[in-house]
Amino acid sequence: MKKRLQELFAITDHGAGQLLYACLTGFLVYVAELSPLALMMYYIKHILAHQGLSLTTVVLGLVLVAFVTYVFIYLDYNATYTTTYQESADLRIDIAETLQKLPLSYFTQRDLTDLSQTLMSDVERLEHALSHAVSKTIGFVTYFVFLSVTLCVINLPLAASIFLPIFVAALALSLSKNMQKKAVKKYWKQLRENSDSFQEAIELQEEIKAYNLTDTIHQKLYQQMEKSEKTHIISEILQGIPISFSNSVIRLSIGLVILVGTNLYFQHQVSLLVLLMFILLAIKVSDGTEDIILNIGEILYIDSAVKNIKELRAIKQQAGQDVTLNKFDIELKNVGFSYKDGQKVINGVSFVAKQNEITALVGPSGCGKTTLLRLLSRLYDYQEGQIAIDGKEIQKISTNSLFNYISIVFQDVTLFDNTILENIRLGRPEASDDEVKQAAYLANCQEFIEKLPQGYETKIGENGAKLSGGERQRLSIARAILKKAPIVILDEITSSLDIENEKMIQESLNYLLKDKTVIIISHRLKSIENADKIVVMKDGRIDGIGKHKDLIEKSVVYRELIETSQKIEEFKYQKNA
Ligand SMILES: Nc1ncnc2c1ncn2[C@@H]1O[C@H](COP(=O)(O)OP(=O)(O)OP(=O)(O)O)[C@@H](O)[C@H]1O
């Protein structure tokens, strides 16, 4: 049962246990709520038999009923709310931990808005359903079965009068279940598309204004909202019709019990007391069932949320063990990789990037240089061959462990909306303020930081929006210097720097790269002429490996790259070209 709940609602093992307990307390509350009815029957029985009741008996009875009901309601409240809120927090942490173990490929293939919706809104929907609907529904169904059996034993025709309409209503709901699920799924898909479009419209403000696209975007959003409204109405109607039908059918229970019961009474087959009890139970059960039908609606509503969470968990995670590495040669043997099935981007690549050496990757645009860096750092996992550091295959090393040894400086620097100090400290969270400032000094950040209003304490806006490209780049170098990792990967880091900035970071880069295994991509071929090893790539394969001088002689691709690079250096904008 616990496993089934875990599967049905994509919850944790602990959460399923708590939910099971909440179902039990829910059942007990329904049973406890029968106690006022039982007490009333007891009083009526005495009244009909012209027997008096002492005031103490009446008061004791009332106190007992109130106490029993209170205890079970309290237990149920505690089980349902406290534990479900705990579960939703656990669920979010569980999803966040799952996300951490996924390869980067997952994030590039999936819409990020969609992902954050799963983390926030899907879990919220699940949380609401777990706390308000699931345990109550399961508790009610158990109580319903228990009550049906008991009442059938007391009087079969009267019990059938209560339960027959309820079975018809349940059948109608069950038959319309798939239709409801489809409608709800469509509606949620539409909501996600809306979020995407709004996010795009906000994020791309610069492009929208520059290309005068305001009206076009406005119109697109307007059409989308109209479509969304229609989908919502259809989804409400498709849910509303079966629910209203079921609610009306359930109400027939009371009428049927009165009809069948009075006949039985006049035929002396049932006493007045039993008839009265069945009428009251019919009212109680039909009221309860009506609430449960709304709950069932909510449970169907979370179907798509549960699916999204399950899908996320089913993705293959990056496995690996924590290891200690002592040597830092990186050895690639016949490495092959494709982003999409059948389209190889890296094909049979083999070379060694040695410790204390600079290895440069060069090649025409799109030949796979950045992809290769992603494979080296396990941002993606290769499908063929092997990459090893200190003789250990990197796919057997946990990413946490691997990243202790690697610093990456990308061409697109990612900064957080936090202070300069904290952004640099990300390189080594335990570093002291002085160490952070020393790293900033070595990366030539000192000058621009001092000009900022609060110096190191200045908040730099979302993704460093308040800084120039060169300043952002230097901050990320400071981060890498602070990390002191033995392997340094640099991807096109000088591409967003002007000559002045580039000159400023040359020294700091030399400091960063000292005694490390360095792998570097640079389109400015001049900057890698002195590299210990240059790997020339073309169409995902290696075209040549060697020093600058050898390659000039033996690699046509390298020669062409040098020529193109020289032409770019000489490029001038011309009027009427
Ligand atoms: N996330 C991705 N999903 C699918 N294809 C991708 C992805 N990233 C890159 N590619 C494709 O893989 C190929 C290699 O790209 P990569 O960025 O590795 O080349 P590059 O040599 O670094 O190019 P550049 O010098 O222009 O930065 C290209 O055809 C590119 O379109």
Side-chain angles (χ1 to χ4, degrees), residues 2-20 22-23 80-81 83-102 106-107 109-138 173-174 176-199 227-228 231-240 242-243 292-315 317:
K2 196 170 134 188
K3 270 264 162 283
R4 184 90 189 100
L5 285 177
Q6 199 180 344
E7 242 176 65
L8 267 177
F9 300 109
I11 48 180
T12 61
D13 183 55
H14 176 252
Q18 295 297 336
L19 183 61
L20 201 57
C23 296
T80 315
Y81 295 101
T83 53
T84 39
Y85 292 138
Q86 174 68 45
E87 170 60 11
S88 65
D90 289 350
L91 203 58
R92 282 200 177 94
I93 292 170
D94 183 65
I95 294 176
E97 281 173 357
T98 308
L99 287 179
Q100 273 179 7
K101 290 178 196 150
L102 298 180
Y106 173 75
F107 299 92
Q109 280 157 15
R110 208 181 141 162
D111 188 338
L112 292 186
T113 319
D114 219 32
L115 203 57
S116 60
Q117 291 262 13
T118 297
L119 198 60
M120 301 310 295
S121 124
D122 287 346
V123 176
E124 199 175 300
R125 278 160 62 202
L126 198 59
E127 174 188 276
H128 193 270
L130 287 177
S131 58
H132 291 76
V134 177
S135 60
K136 290 202 171 37
T137 306
I138 297 176
L173 274 181
S174 158
S176 64
K177 190 178 77 181
N178 285 342
M179 184 182 72
Q180 289 189 56
K181 275 188 178 176
K182 260 191 207 156
V184 170
K185 192 173 166 195
K186 202 168 164 196
Y187 170 60
W188 280 102
K189 191 166 166 256
Q190 182 65 47
L191 278 191
R192 287 185 178 220
E193 279 174 23
N194 292 353
S195 299
D196 269 352
S197 303
F198 274 112
Q199 191 165 344
K227 194 173 154 202
S228 173
T231 318
H232 198 177
I233 292 173
I234 292 173
S235 139
E236 288 289 339
I237 291 174
L238 290 181
Q239 285 187 90
I243 289 178
I292 291 307
I293 283 180
L294 289 179
N295 288 347
I296 291 174
E298 181 166 356
I299 295 172
L300 293 180
Y301 213 56
I302 57 163
D303 190 59
S304 57
V306 170
K307 255 194 197 141
N308 289 337
I309 296 172
K310 278 187 184 167
E311 267 172 28
L312 192 67
R313 289 222 184 98
I315 293 158
Q317 300 184 353

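Being a predicted model, the structure only gives us computed values, none of them experimental. One is the number of the first residue; the rest follow in order along the sequence.
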ask   = Could you state the interatomic distance from CZ (R125) to CD1 (I302), rounded to the nearest 0.5 Å?
value = 8.0 Å
When the side chains of residues 4-11 are checked against the rest of the protein, which donor-acceptor pairs come out under 3.5 Å, sequence neighbours left out?
residue, atom, partner, partner atom, Å
Q6, OE1, K3, NZ, 3.4

query = Once you round to the nearest 0.5 Å, how far does CD1 of I309 lie from CG of D122?
reply = 5.5 Å
key: Atom NZ of K177: over 12 foreign heavy atoms under 6.0 Å   = no
query = Looking at OG of S174 and CD of Q180, how far apart are the two atoms once the value is rounded to the nearest 0.5 Å?
reply = 10.0 Å
For E193, all residues meeting salt bridge (Lys or Arg N to Asp or Glu O under 4.0 Å), sequence neighbours excluded = K189
inquiry  = Within this structure, what is the OH-CD1 distance for the pair Y187 and I233, rounded to the nearest 0.5 Å?
reply    = 10.5 Å
note = Rounding to 0.5 Å, atoms CD (Q190) and OG (S195) come to a distance of 10.0 Å
key: Close side-chain approach of Q18 and H14, heavy atoms under 4.5 Å   = yes
key: Residues H128 and E298: side-chain donor-acceptor under 3.5 angstrom   = yes
task = Please examine the side chains of I296 and I243, heavy atoms only from C-beta on, and report whether any two atoms are closer than 4.5 Å.
result = no
query = Are any of the side-chain heavy atoms of T231 and I234 separated by less than 4.5 Å?
reply = no
task = Starting at OG1 of T137, measure out to CD1 of I293 and round the result to the nearest 0.5 Å.
result = 10.5 Å
note = Residues passing the salt bridge (Lys or Arg N to Asp or Glu O under 4.0 Å) test with R92, sequence neighbours excluded, are none
request  = Taking the side chain as every heavy atom from C-beta outward, state whether S135 and L19 have any atom pair closer than 4.5 Å.
outcome  = yes
ask   = With side chains defined as the heavy atoms from C-beta onward, is the minimum distance between N178 and K182 less than 4.5 Å?
value = no
